[in-house]
Amino acid sequence: MMDAESDALHFLDDDADGVSVKEPVWRLMVIDDEPDVHRATTFALSGVKILGRRLEFLHAYSAEEATQMLCKEHDIAVVLLDVVMEREDAGLKLVKTIRQDFRLEEVRIILRTGQPGYAPEIETIHDFDINDYKTKSELTRTKLYATVTAALRAYEQIRKLDELAFYDRLSKLPNRNKFLDLADARLQAGHCENDAIAIVDIDDFSEINDALGHQQGDRLLQSVAERLKTELGAEVILARIGGDTFALMGPASVMEPVRVLSLFRQPFQVQDDSMVVTATLGMTRQLSADIGGRDALKDANIALKRAKKNRRGSYVVYSSEMGSDIRERVRLLQNLRQAVEAERLFVVYQPQVLLGSEEIVGVEALIRWRREDGSFVPPDRFIPLAEASGMIVAIGDWVLRMACHELKRFQGLGLPDLRMSVNVSQMQFRHPDFMQKLESALQDTGINPRQLELEITETVAMEDADFMLETLHSIRRLGISIAIDDFGTGYSSLSHLRQLPIDRLKIDRAFVDELTQEVTGGHIAAMVIELGRNLKLTVIAEGIEEERQAQQLRQLGCHEGQGYLYAKPLLPDQFVEWVAARKQSQ
Ligand code: C2E
Ligand code: MG
Ligand code: MG
């Protein structure tokens with residue numbers, strides 16, 4: 001949008017010899033209520049070239065008229081401004097309008113006054129970045145020429161600096177900072193209820209870059225920028241805010257998501273290649289003056305993330321519920337971080353029993369988070385968050401060590417040999433250090449690996465067959481057993497399941513609940529138990545709350561069970577008491 005050498009400048013048609021040659025000019029605006037001053041100024045500067053360019057004049061005869069012109073006109077380099085016009089301070093007020101309301105920070109302002117004695121405060125000159133202050137008697141050609149030249153030189157320098165700071169060199173579009181400035185200005189000017197802000201992200205751009213080289217990638221970006229610019233028109237502010245992302249702000253009617261995405265339908269001509277790319281779009285609408293550009297862009301980005309999650313090449317329009325959702329998650333994540341530091345996380349242990357004899361065979365370690373006010377945050381809420389943020393790696397490692405340590409303590413207290421089940425998240429499992437951490441947890445606590453079991457969910461188990469097989473085999477080589485948690489909720493293929501080196505299937509709580517209901521097509525729990533029998537795997541049912549369920553499961557041939565019917569997850573000492581109490585009653 002602003003390239004000192006080319007498009008953003010204004011050009012003068014110079015068709016002296018019949019050929020229209022466009023020549024860059026400097027635009028000067030003369031604001032004065034005395035027509036004589038206008039005449040004298042243009043006369044004094046007529047025909048001169050300054051820093052290689054001719055001058056073009058704009059004339060306003062009051063502050064009011066000037067304000068209206070400034071709304072429409074662009075690229076004014078210098079304003080020659082009369083101080084006293086409609087009112088004593090009309091000129092100074094106008095300076096404020098130029099700098100604060102229009103945010104025209106580049107334009108150089110030369111104040112002029114008829115009264116030699118009058119001068120604005122030094123602070124005013126400083127605060128509003130007024131370039132020069134002259135009396136009208138200094139309107140001679142030489143003096144004016146020198147003043148305007150100095151102002152233009154300053155203007156050019158400011159523009160060059162701005163260009164570096166605010167424009168993307170590749171696409172010549174505004175960058176992120178400039179976009180935020182422009183967006184803020186537009187929002188503050190009001191009447192933006194029908195405006196929208198969108199982020200357009202080119203799909204798989206890094207793959208294109210890798211496959212065809214950066215140069216070709218750059219050309220593609222230029223080509224995309226060019227098309228967006230020409231098709232969306234001057235009403236839309238267009239910026240490149242990231243490697244392969246563009247931001248747009250303009251009337252929602254011009255920026256209909258479907259329309260913007262359809263601009264990608266035609267291939268892009270990149271040198272000799274015709275390249276087909278798609279883009280994904282996130283948008284926020286119904287903007288208002290009290291939302292800043294930064295926040296609006298954030299909202300558009302939230303929508304973009306959703307769109308990417310759904311499907312590349314699609315779009316999502318932001319709704320406030322998305323934001324509160326995310327803000328809530330961000331807050332929760334911060335609290336979780338503090339909770340980890342303040343050691344407000346702890347582990348509880350839920351017994352697992354043989355369904356026939358009700359003899360205790362193991363415990364499952366389950367994490368708990370107690371807030372400072374004593375309330376609990378359920379793991380179903382914070383575990384996904386810890387997973388998304390990567391914190392689960394550290395938390396999971398801590399649970400593992402804690403559980404091993406506790407197992408050792410239980411043994412020291414003379415409890416029967418138990419199996420300790422620990423839940424392992426996808427992300428932990430995939431972490432390159434996982435095996436090493438597992439081994440050092442075993443070593444440091446000195447437990448028998450045969451007493452340790454890892455629970456992974458069915459969905460994790462079914463992903464990336466080769467990787468899974470290898471890792472599961474390594475775990476089993478250590479002597480550790482493996483259970484598939486929440487079984488029945490994923491989509492295991494039997495052939496895949498058959499290959500996996502696993503020990504136990506854990507029937508999801510939902511299917512235990514279902515046992516006491518009439519369902520068509522048979523109970524899933526029954527199918528899982530049957531599957532376990534075929535694959536020679538032990539089956540454990542979780543979430544058993546009623547004797548009726550236990551009985552049914554027993555009849556179906558389920559081996560083990562866990563649930564409130566036997567015990568809730570317990571603190572270590574409570575668990576020790578629970579074991580002792582059962583021994584007595586037997
Ligand atoms: P999960 O591994 O399937 O754990 C079983 C859940 O069922 C636990 O919920 C347990 O408290 C609950 N439960 C057990 N018996 C009953 C019952 O009879 N009735 C009912 N209604 N619920 C019962 P919890 O502790 O809220 O944990 C939820 C999930 O959070 C776990 O599901 C597991 O996926 C995850 N989780 C818990 N601790 C950890 C951990 O240390 N690491 C990882 N990665 N995930 C964990
Ligand atoms: Mg579990
Ligand atoms: Mg489960």
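Counting convention: from 1, in listed order, for ligands and their atoms alike.
- Near Val399, meaning under 4.0 Å from any of its heavy atoms, are these atoms of ligand 1: 41 (O).
- Within the 4.0 Å heavy-atom criterion, both parts of Ser425, backbone and side chain, lie near ligand 1.
- By the 30° and 60° cut-offs, the orientation of the rings of Phe410 relative to Phe575 is tilted.
- For the salt bridge (Lys or Arg N to Asp or Glu O under 4.0 Å) condition, the pairs that include at least one residue of residues 573-586, sequence neighbours left out, are Arg409-Asp573.
- Atom OD2 is the N, O or S atom of Asp485 at the shortest distance from the Mg ion (ligand 2).
- Residue contacts with ligand 1 leave out Gln562, since none of its heavy atoms falls under 4.0 Å from the ligand.
- Heavy atoms from other residues, nucleotides or ligands lying under 6.0 Å from CD of Glu193 number more than 12.
- Going from atom CG of Asn310 over to atom NZ of Lys305 covers 14.0 Å, rounded to the nearest 0.5 Å.
- Less than 4.0 angstrom separates some heavy atom of Pro379 from each of these atoms of ligand 1: 24 (P), 25 (O), 26 (O), 27 (O), 30 (O).
- Judged by the shortest distance from any of its heavy atoms, Pro569 lies inside the 4.0 Å radius around the atoms of ligand 1.
- The name of the N, O or S atom in Glu364 nearest to the Mg ion (ligand 2) is OE2.
- Evaluated by nearest non-hydrogen atom to atom 45 (N) of ligand 1, the leading choice among Asn423, Thr457, Asp380 is Asn423.
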Throw together a table of side-chain donor-acceptor distances under 3.5 angstrom for residues 554-570, partners on residues two or more places apart or in other chains.
residue, atom, partner, partner atom, Å
Arg554, NH1, Leu355, O, 2.8
Arg554, NH2, Glu547, OE2, 3.2
His559, ND1, Val539, N, 2.9
Glu560, OE1, Arg419, NH2, 2.8
Glu560, OE2, Arg419, NH1, 3.4
Gln562, OE1, Gln352, NE2, 2.8
Gln562, OE1, Lys506, NZ, 3.0
Gln562, NE2, Gln350, OE1, 2.7
Gln562, NE2, Glu364, OE1, 2.7

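- For the atom pair OG1 of Thr245 and CG of Leu281, the computed distance is 12.0 Å after rounding to the nearest 0.5 Å.
- Formation of a donor-acceptor pair under 3.5 Å by the Asp184 side chain with backbone atoms of Gly293 is found in this model.
- A donor-acceptor pair shorter than 3.5 Å cannot be found between the side chains of Thr280 and Asp201.
- Looking only at its N/O/S atoms, Glu455 has OE1 as the one nearest to the Mg ion (ligand 2).
- Listed by atom number, the atoms of ligand 1 under 4.0 Å from Glu542 heavy atoms are 3 (O), 5 (C).
- Here is the list of ligand 1 atoms found below 4.0 Å of a heavy atom in Gly563: 15 (N), 18 (O).
- Of the candidates Leu366, Leu345, Ile392, Leu366 brings a heavy atom nearest to atom 37 (C) of ligand 1.
- Taking 4.0 Å as the cut-off, Glu387 does not count as a neighbour of ligand 1 on heavy-atom distance.
- The heavy atom nearest to atom 25 (O) of ligand 1, considering only Arg368, Lys506, Met402, is found in Arg368.
- Across the listed options Asp486, Val424, Ile456, Ile367, Ile367 owns the non-hydrogen atom lying nearest to atom 38 (N) of ligand 1.
- Inspection of the Thr457 and Asp486 side chains reveals no N or O donor paired with an N or O acceptor under 3.5 Å.
- Under 4.0 Å from ligand 1, not a single heavy atom of Val422 appears.
- If you look at Arg509 next to ligand 1, the close heavy atoms, those under 4.0 Å, all belong to the side chain.
- Across Gly362 and Leu418, no two heavy atoms sit closer than the pair N-CD2, 4.1 Å.
- Under the 6.0 Å distance and 45° angle rule, Arg430 counts as a cation-pi partner of Phe467.
- Note on ligand 1: Gly396 sits outside its first shell, no heavy atom being nearer than 4.0 Å.
- Contact annotation: Ser421 places no N, O or S atom under 2.8 Å from the Mg ion (ligand 2).
- Taking each of Leu400, Val347, Ile383, Leu565 in turn, the one with a heavy atom nearest to atom 36 (N) of ligand 1 proves to be Ile383.
- Between Lys437 and Val393, the closest side-chain pair of non-hydrogen atoms falls below 4.5 Å.
- Taking every non-hydrogen atom of Ile544 and a distance limit under 4.0 Å, the qualifying atoms of ligand 1 come out as 18 (O).
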When you look at Gln334 and Arg337, which way does the side chain to side chain donor-acceptor pair (under 3.5 Å) test go after all the steps?
-> CA-CA 5 Å; Gln334 280 165 354; Arg337 212 159 266 146; over 6 Å; no
